[in-house]
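So the structure is just underneath, and the comments pick up after that.
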Amino acid sequence: MMAVLFDFSGTLFRVESTDSWLRGALAGAGVRLTEAELRTAALALEAVGALPGGGDPARVPEELADAWLIRDRSAALHRAAYTGLARQVPLPDPALHDALYDRHMAPDAWAPYPDAVEVLRALRERGIPVGVVSNIGWDLRPVFRAHGLDPYVDTYVLSFEHGIQKPDPRLFATACEALGADPRRTLMVGDDRRADGGASALGCGVHFVDHLPASDRPDGLRPVLDLVT
């Protein structure tokens, strides 16, 4: 393989739990809830899929349906889609819905999978360039810098910066071009079979990992090293 492309959420990093997300936003806003109120709100937010990078919503409200389908094509659409889901859950201050969205972009809301640095470092040592290809509505580079992974990434191709979202093969083609890599000798690693599987249209190899909490997937990325030898 000439190059490896990685997805972000659920592949290299995992977002915090809904409970932690809500606690962080409340603390930042100086709002206090009882434990019972907090648990109820966290469960409700989780049920509607309001946490980006968390679970998918069971149902998308009709008024958000169009934006939801293309939410990763722009920062405005991404924020509107997720704050719209969050607003289904009443909170003591309406401003908290935007505070929650802002919280999920903070580097400390994300944790790298335990083997992420090891695998990225090994690829760098082998001289294999790495790209991150993500469906996302905000700049994730500060997350990589804060957790020490940025030195191992050669290019970032983010959907909102290109107005294209996976599985559109143009996003993967952009990453391959930036790395100077032949798609037929490039591996895409991700957790979403539909979105990340779009790389196969270019002839890329595709390897899937499970979107699990970071503590439950200690070595899910290590097989990548066997695939590029």
Side-chain angles (χ1 to χ4, degrees), residues 1-25 39 42-43 45-47 49-56 103-136 138-158 166-167 172 175 179 186-200 204-229:
M1 289 292 178
M2 290 179 63
V4 181
L5 308 177
F6 289 93
D7 173 51
F8 167 55
S9 175
T11 300
L12 289 174
F13 282 83
R14 171 73 186 221
V15 74
E16 64 188 333
S17 69
T18 309
D19 181 89
S20 176
W21 175 55
L22 177 57
R23 289 178 187 273
R39 284 195 300 272
L43 288 172
L45 288 164
E46 187 166 346
L51 173 58
D56 291 330
R103 164 69 191 181
H104 102 275
M105 296 186 287
D108 60 356
W110 295 87
Y113 280 93
D115 56 346
V117 173
E118 169 196 340
V119 169
L120 292 176
R121 182 187 299 121
L123 291 172
R124 175 54 52 90
E125 290 170 352
R126 296 181 190 183
I128 296 174
V130 166
V132 171
V133 183
S134 178
N135 277 352
I136 199 164
W138 50 278
D139 186 2
L140 51 72
R141 294 173 183 86
V143 176
F144 280 76
R145 288 195 290 268
H147 291 278
L149 274 67
D150 181 66
Y152 307 114
V153 178
D154 298 285
T155 192
Y156 296 90
V157 178
L158 311 181
K166 299 182 289 186
F172 306 105
L179 297 175
T186 299
L187 180 68
M188 175 66 203
V189 182
D191 67 294
D192 188 318
R193 279 158 175 74
R194 178 179 177 275
D196 299 313
S200 63
C204 297
V206 182
H207 176 71
F208 295 111
V209 294
D210 294 322
H211 188 162
L212 296 171
S215 60
D216 294 345
R217 209 193 76 194
D219 54 6
L221 292 168
R222 287 181 186 155
V224 171
L225 299 178
D226 296 326
L227 296 172
V228 297
T229 55

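Basis for what follows: all heavy atoms, side chains included, without hydrogens, waters or symmetry-related copies.
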Full working for side chain to side chain contact (heavy atoms under 4.5 Å, CB included) between Leu45 and Leu51: CA-CA 7 Å; Leu45 288 164; Leu51 173 58; over 6 Å; no
Step by step, work out the ring-ring contact (aromatic ring centres under 6.0 Å, His included) result for Phe144 and Tyr152. CA-CA 9 Å; Phe144 280 76; Tyr152 307 114; over 10 Å; no
Step by step, work out the side chain to side chain contact (heavy atoms under 4.5 Å, CB included) result for Val143 and Phe8. CA-CA 10 Å; Val143 176; Phe8 167 55; 4.2 Å; yes
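If you take CG on Leu225 and CZ on Arg126, they are separated by 5.0 Å, rounding to the nearest 0.5 Å. Rounding to the nearest 0.5 angstrom, the gap separating the OG atom in Ser9 from the NE2 atom in His211 is 4.5 Å. Annotation: the span from Leu149 atom CG to Arg141 atom CZ amounts to 14.5 Å, rounded to 0.5 Å. Here Met105 contributes atom CE and Asp139 contributes atom CG; the two are 10.0 Å apart, rounded to the nearest 0.5 Å. Interatomic distance, OG of Ser17 versus CZ of Arg23, reported as 8.5 Å (0.5 Å rounding).
The two residues Asp154 and Arg124 make their nearest non-hydrogen contact at OD1-NH2, 3.0 Å. Here the closest heavy-atom approach between residue Thr155 and residue Ala175 is recorded as CG2-O, 4.2 Å. The minimum heavy-atom distance linking Pro114 with Ala214 is given by the pair CD-O, 3.4 Å. Across all their heavy atoms, Arg217 and Asp210 have their closest contact at NH1-O, 2.8 Å. Across all their heavy atoms, Leu187 and Met1 have their closest contact at N-SD, 3.9 Å. Nearest approach of Thr11 to Gly190, heavy atoms of both residues: OG1-CA, 3.4 Å.
Residues Met188 and Asp7 meet the side-chain proximity criterion, which asks for heavy atoms closer than 4.5 Å. Between Phe172 and Val133 the shortest side-chain heavy-atom distance falls below 4.5 Å. Side-chain contact check for Phe6 versus Leu120: some heavy-atom pair is nearer than 4.5 Å. Using a 4.5 Å cut-off on side-chain heavy atoms (C-beta onward), Val209 and Tyr113 make no contact. Side-chain contact between Val4 and His207 is absent, with no heavy-atom pair separated by less than 4.5 Å.
In terms of modelled atom types and a separation under 3.5 Å, the side chain of Ser200 and the main chain of Gly197 share a donor-acceptor contact. Side-chain N or O atoms of His147 include one that pairs as donor or acceptor with a backbone N or O of Trp110 at under 3.5 Å.
Here Arg121 does not pair with Asp115 in a salt bridge; the nearest charged N to carboxylate O distance is not below 4.0 Å. A salt bridge is defined here as a Lys NZ or Arg NE, NH1 or NH2 lying under 4.0 Å from an Asp or Glu carboxylate O, and Lys166 with Asp196 meets this definition.
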